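Everything on this sheet refers to the single structure shown next.
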Protein chains: 2
Amino acid sequence: MLKKSVTIKEIAKELNLSVSTISRALHDHPSISAATRLKVKQVAQALHYEPNQAAVHFQKGKTFTIGVILPELSETFFAEALSTIEDIAYKRGYTILLGQSHDDEEKEKLLAEKMRAHRVEGLIVSLAKNTTDYSHFEQLRKYHIPVLYFDRIPPLKNIHHVSCNIETGSTEAVNYLLKQGHRNIALINGPASLLASKQRREGYIKALQKNRLKFDPALVVNCDLTEKGTKEALETLICLKRKPSAIIAFNDYVSSYAVKHAANIGLKINEDICFVSFANSPINQFMQYPPLASVEQFPAVQGQKAIDTLLDIINNKTEEEAYYRVVIDSELIEHQRNEIS
Amino acid sequence: MLKKSVTIKEIAKELNLSVSTISRALHDHPSISAATRLKVKQVAQALHYEPNQAAVHFQKGKTFTIGVILPELSETFFAEALSTIEDIAYKRGYTILLGQSHDDEEKEKLLAEKMRAHRVEGLIVSLAKNTTDYSHFEQLRKYHIPVLYFDRIPPLKNIHHVSCNIETGSTEAVNYLLKQGHRNIALINGPASLLASKQRREGYIKALQKNRLKFDPALVVNCDLTEKGTKEALETLICLKRKPSAIIAFNDYVSSYAVKHAANIGLKINEDICFVSFANSPINQFMQYPPLASVEQFPAVQGQKAIDTLLDIINNKTEEEAYYRVVIDSELIEHQRNEIS
DNA sequence: TTATTTTACGCAAACGTTTGAACGAGTTAA
DNA sequence: TTAACTCGTTCAAACGTTTGCGTAAAATAA
């Protein structure tokens, strides 16, 4: 059990001062003389005083806890985002209460409730893949718990969010491939319903238009992001009369599936067909044929912006309902080839 | 800010009872009549009463927080372990305070200190790769904070730990390859200093001995687990007069590097050379040539055991110094080939 | 000198909950 | 009839910290 730790009282007794003086001294309150401030701090050090956070939280009526609900911690993107979120939160004296929805809307609801019961002061949420009802989050407003949507955001008007502009990256991806001489560029996209899919598609189309190339709808196929779905999408593409020489995949996972299958059916990767994808995740490093380039979405930066703005919202108790909408640009990263061999 | 939430007092006023009665009623204290217990609970429900955790923590002198220090959240193994740790902890009313050492001993020290200052009631630690000094953790005992080492454990006598018996898996890996007809089986091991490396080596040797095969030290090479190191290890092996037809890699990451390089220098994977590895991590799913089999280390199970025993230790304040040493067996998982195509 | 301001500190209440001790009313034992 | 118990409840203190207000002493102004 936690042994009797030293309290402010003992410092007070030691110095024949009152507890309030100690408290103020430790917080550099101006009405305490520099001399006593010093003495107090010295004694506090000597006694290994550590403020009892539970007491502070209680008395301030704050929990200094912020909730983070993510779909899947084992996706590197989220793990990295969480990492910076946690770092910054800690530096500002906040603790993270973590929850994984595992892409399940029901679990997400439960977590939202749990967070509320725990009195988190704010919430960072990245939505489950198939969440269509957002009431469990919007309800938190009644309890004055600000919600900041992160990366996977809902199509709502009055929300705070931090997300990534996928369109720019998508455009860059196309431009990159055009520069390499490709003219038949396909896109293996995600489910049409996803905002993320729409953005990829938009960027893709805009890049073609900017370059005065015709957009061929046949070259864009949707898939459910599974290995099987990817395989089917790939087959659709290579059966086209206008066979693509390059494919932009929804993300690195999809890219890996596509590469695997393309190689299996005898295509020479990077000769017969090239790949570019999204996420720039570490799995590329383990691939036999990583994509030539991948659109970086900067999970760490997004995480940092997310926690920063949320803490901003929390600490500016101004009821003026302004909505923070932070969007960072994605960016195509070209991969070094053969850096090792 | 957190709006005036309902307190025990308001329930008391509502029912003309004292706060102590309410508190006891809500906790099913035997000295409260069943009738009032019911009434109290009904009113509590109606008013949406939620206990103020900060107040509870404060008054009980407990934080209900347990610290978890991991090397890297983006390694799936740890992410999965954390996932179950968090789940169970939450169910038992505990919150996780998370920290990543990023395999840096200094950061680890800082985190240990931070956890102490935060008054965690216990700590789950998976050591950084190169930590050799454990004093920052052993010091926590002075504050009566139990430390449970997890997976990456130190070579100390009197500690609690949960870890995985790698030896059994290593033996299984060799047996598996022997059954496939391989006689020259190599091992690309990690740094010799690691316990994990020793266990792999032990299992490897024992399997050979059981099968009355001679152990050839040349077939076991150490590497630093980087891509470059793996490449060098592989080259050493294929230059041997006794060229291996199968390689057991330290983990799936190392395996992927080795496969990549082997393919680059013209070897036919699964014909000229086969691979088996450890961790059974999801990256295999994205590989062109995943290992034929991988030793599962059950991160979720380990995580569960870890949090369970730690909570045990915390709540059995018996000062009797018994050390919990939970070891689960690893297990070779054969991968389906070509499940998709 | 006296009046006024400033400086440096102490007093005490408050935050919400838990819990040992006390207490009145009703029941049982003598 | 009184003593001893039981049952259900209340009282009040305690946990460690923060903070509005009060105040004595010192410094300044008149």
Side-chain angles (χ1 to χ4, degrees), chain A residues 1-41 43-44 47-65 93 117-119 121 143 315 317, chain B residues 1-41 43-44 47-65 93 116-119 121 143 315:
Chain A
M1 298 287 17
L2 316 192
K3 248 307 153 38
K4 291 262 41 149
S5 21
V6 313
T7 77
I8 230 174
K9 276 185 194 165
E10 290 156 56
I11 305 182
K13 198 162 298 173
E14 182 78 16
L15 288 169
N16 274 319
L17 289 172
S18 74
V19 289
S20 41
T21 302
I22 307 299
S23 174
R24 285 191 245 255
L26 290 172
H27 290 87
D28 285 318
H29 191 283
S31 80
I32 303 296
S33 73
T36 46
R37 278 220 279 269
L38 187 65
K39 276 193 300 181
V40 168
K41 287 182 183 176
V43 175
L47 264 48
H48 299 110
Y49 168 77
E50 299 277 0
N52 180 329
Q53 295 301 340
V56 175
H57 295 174
F58 167 55
Q59 115 80 28
K60 292 211 159 180
K62 296 189 62 173
T63 57
F64 290 96
T65 300
H118 212 283
R119 304 254 211 296
E121 296 186 25
Y143 298 89
N315 294 316
K317 37 205 84 182
Chain B
M1 299 292 32
L2 317 191
K3 248 309 153 36
K4 292 261 40 148
S5 20
V6 313
T7 77
I8 229 174
K9 275 186 196 163
E10 290 155 56
I11 305 182
K13 198 163 295 172
E14 182 78 16
L15 288 168
N16 273 318
L17 288 172
S18 73
V19 289
S20 38
T21 303
I22 308 300
S23 173
R24 283 191 245 257
L26 290 172
H27 289 86
D28 285 318
H29 191 284
S31 78
I32 303 295
S33 73
T36 45
R37 278 220 279 269
L38 186 66
K39 276 193 300 182
V40 168
K41 286 182 184 176
V43 175
L47 264 49
H48 299 112
Y49 167 76
E50 299 277 0
N52 180 329
Q53 295 301 340
V56 175
H57 295 173
F58 167 55
Q59 115 81 25
K60 292 212 161 180
K62 297 189 62 171
T63 56
F64 290 95
T65 300
R116 188 184 68 69
H118 212 282
R119 304 258 210 294
E121 296 186 25
Y143 297 90
N315 293 315

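The sequence lines fix the lettering, A, B, ..., with proteins before strands; numbering per chain opens at 1. This is a predicted model, so every value here is computed, not measured.
Considering NZ of Lys39(A) and OG1 of Thr36(A), their distance stands at 6.5 Å, rounded to 0.5 Å. One distance of note links CD1 of Ile8(A) with CG of Leu47(A); it measures 12.5 Å at 0.5 Å rounding. A distance of 9.0 Å separates OG of Ser23(B) from NE2 of His29(B), quoted to the nearest 0.5 Å. The CG atom of Asp28(B) sits 11.5 Å away from atom OG of Ser31(B), with the distance rounded to the nearest 0.5 Å.
The shortest non-hydrogen separation linking Ile32(A) to Arg37(A) is O-NH1, 2.9 Å. Taking both residues in full, the closest heavy atoms of Ala12(B) and Ser18(B) are given as CB-C, 4.0 Å, listed atom of the first, atom of the second, then distance. Taking each heavy atom of Lys62(B) and Asn315(B) in turn, the nearest pair found is NZ-OD1, 3.7 Å.
If you take CD of Gln53(B) and P of dG16(C), they are 14 Å apart, rounded to a whole angstrom. The separation between Lys60(B) atom NZ and dG16(D) atom P is 16 Å, rounded to whole Å. Computed from coordinates, the Leu26(A) CG to dC9(C) C1' distance equals 15 Å when rounded to whole Å. The distance between atom NZ of Lys9(B) and atom P of dA12(D), rounded to the nearest whole Å, is 14 Å. If you measure from atom NE2 of His27(B) to atom P of dT18(C), you get 4 Å, rounded to the nearest angstrom. Distance NE2 (His57(B)) to P (dT17(D)): 17 Å, rounded to an integer number of Å. Rounded to whole Å, the distance from CZ on Arg37(B) to C1' on dC7(D) is 12 Å. Between the P atom of dA8(C) and the CG atom of Leu38(A) lies a distance of 14 Å, rounded to the nearest Å.
Neither OP1 nor OP2 of dC9(C) sits under 4.0 Å from any side-chain N or O of Ser31(A). Contact check, His29(A) against dT19(D): no side-chain N or O comes under 4.0 Å of OP1 or OP2. Taking only side-chain nitrogens and oxygens, Thr36(A) comes nearer than 4.0 Å to OP1 or OP2 of dC9(C).
Applying the side chain to side chain donor-acceptor pair (under 3.5 Å) test to every pair with at least one member in residues 50-59 of chain B, sequence neighbours left out, gives these pairs: Arg116(A)-Glu50(B).
Near-neighbour residues of DNA chain C inside residues 11-19 of chain B, defined by a heavy atom below 4.0 Å, are absent.
Considering only side-chain atoms of Ile32(B), the nucleotide from dT17(C), dT9(D), dT19(D) that sits closest is dT9(D). Out of dT18(D), dG16(D), dC9(C), the shortest distance to the side chain of Ser33(A) is found at dC9(C). Nearest to the side-chain atoms of Pro51(B) among the listed nucleotides dT18(D), dT17(C), dT17(D) stands dT17(C).
Residue Thr21(B) is classed as a base contact, given a heavy-atom separation below 4.0 Å to a base.
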Short heteroatom pairs, N/O only, protein and nucleotides 20-26 of chain D, under 3.5 Å:
unit_1, atom_1, unit_2, atom_2, d
dG20(D), O6, Arg24(A), NH2, 2.4

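When side chains are defined from C-beta on, Lys41(B) counts as touching Leu26(B), because their heavy atoms get closer than 4.5 Å.
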**OP:** Decide side chain to side chain contact (heavy atoms under 4.5 Å, CB included) for Thr65(B) and Arg119(B); before the verdict, give the C-alpha distance in whole Å, the side-chain angles of both, and the deciding distance to 0.1 Å.
**Re:** CA-CA 8 Å; Thr65(B) 300; Arg119(B) 304 258 210 294; over 6 Å; no
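Stacking here means ring centres nearer than 5.5 Å and ring planes tilted less than 30 degrees, and by that measure Phe58(A) does not stack onto dT17(D).
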